[in-house]
Amino acid sequence: PNPWPHDPACQLLGWSRLTALRELVVEGNALRELPASLGECRALELVWAGDNQLQDIDPALAALTRLRSLRLDKNELRRLPLQFARCRLLEDLGLASNPELNEPPA
């Protein structure tokens, strides 16, 4: 399902066409998910999706290997997929205020 069902631009274009998109800021929009197809925006360096209602992050988003800043503060995250270890350029990871977020098993 499209988390932005009322945004005709997202429905019409699809994420795969946004090949030059470098920054995505969707903070405070009551989003329940980020679409897996966002992982097709390979130029993304910054994704700020804090203050939403995200519970899970699709592992497909770990394909964003140019990602430098990922802010997911103030959500309802339960886990962050281990695939994000592939994001070698990631230097800013915000996960504060996710009360259900647990550390991965040792």
Side-chain angles (χ1 to χ4, degrees):
N2 184 351
W4 297 292
H6 305 295
D7 187 340
C10 290
Q11 291 179 3
L12 180 63
L13 292 175
W15 293 104
S16 61
R17 293 187 179 201
L18 301 175
T19 57
L21 184 66
R22 294 181 57 206
E23 297 183 359
L24 178 68
V25 178
V26 290
E27 295 178 317
N29 282 288
L31 299 177
R32 293 180 184 251
E33 65 181 26
L34 295 176
S37 57
L38 187 60
E40 298 173 22
C41 299
R42 304 296 171 127
L44 269 173
E45 296 178 7
L46 179 143
V47 175
W48 288 2
D51 199 14
N52 281 294
Q53 298 170 6
L54 303 174
Q55 293 183 349
D56 291 304
I57 299 297
D58 195 295
L61 297 182
L64 301 173
T65 56
R66 294 184 183 180
L67 200 59
R68 294 182 180 277
S69 180
L70 177 61
R71 307 294 304 177
L72 300 170
D73 305 286
K74 297 182 185 174
N75 277 291
E76 300 168 11
L77 291 177
R78 295 176 288 204
R79 65 180 186 85
L80 185 68
L82 294 176
Q83 289 88 336
F84 275 91
R86 293 185 210 146
C87 299
R88 304 263 184 225
L89 299 177
L90 189 61
E91 55 192 21
D92 176 32
L93 177 61
L95 297 172
S97 298
N98 281 286
E100 300 296 320
L101 188 63
N102 295 315
E103 293 184 27

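Just so you know, these numbers use all the heavy atoms, side chains as well, and skip hydrogens, waters and symmetry mates. Here, residue 1 is the first one in the sequence, and each next residue gets the next number.
Summarising the geometry, atom CG belonging to N75 is positioned 7.5 Å from atom CG belonging to D51; distances are rounded to the nearest 0.5 Å. Rounding to the nearest 0.5 Å places CD of E40 at 11.0 Å from OG1 of T19. Distance check: L67 CG to L61 CG gives 9.0 Å after rounding to the nearest 0.5 Å. In this structure, OG1 on T65 lies 10.0 Å from CZ on R86, to the nearest 0.5 angstrom. A distance of 9.5 Å separates CD in E27 from CG in L72, rounded to the nearest 0.5 Å. Note: R78 CZ to Q55 CD = 4.5 Å, rounded to the nearest 0.5 Å.
Qualifying side-chain contact (heavy atoms from CB on, under 4.5 Å) partners for P81, counting only residues two or more places apart in sequence or in other chains: I57, P59, R79, Q83, F84. Here S69 pairs with W48, D92 under the side chain to side chain donor-acceptor pair (under 3.5 Å) rule; sequence neighbours left out. The side-chain contact (heavy atoms from CB on, under 4.5 Å) test applied to L93 returns L70, L80, L90, L95, not counting sequence neighbours. Checked against salt bridge (Lys or Arg N to Asp or Glu O under 4.0 Å), D73 has the following partners two or more places apart in sequence or in another chain: R71.
Here salt bridge (charged side-chain N to carboxylate O under 4.0 Å, His left out) pairs that include residues 41-50, with residues two or more places apart or in two chains, are R22-E45.
Of all heavy-atom pairs between L34 and V26, the closest is CD2-CG2, 4.3 Å. For C87 against A62, the heavy-atom pair with the smallest separation is SG-O, 3.6 Å.
By the 4.5 Å heavy-atom criterion applied to side chains, V25 and L46 are counted as neighbours.
Through ILVMFWY side-chain contacts below 4.5 Å, L89 is grouped with nothing and stands alone.
When each of L18, D58, L24 is tested with L38 by the rule side-chain contact (heavy atoms from CB on, under 4.5 Å), just one qualifies, namely L24.
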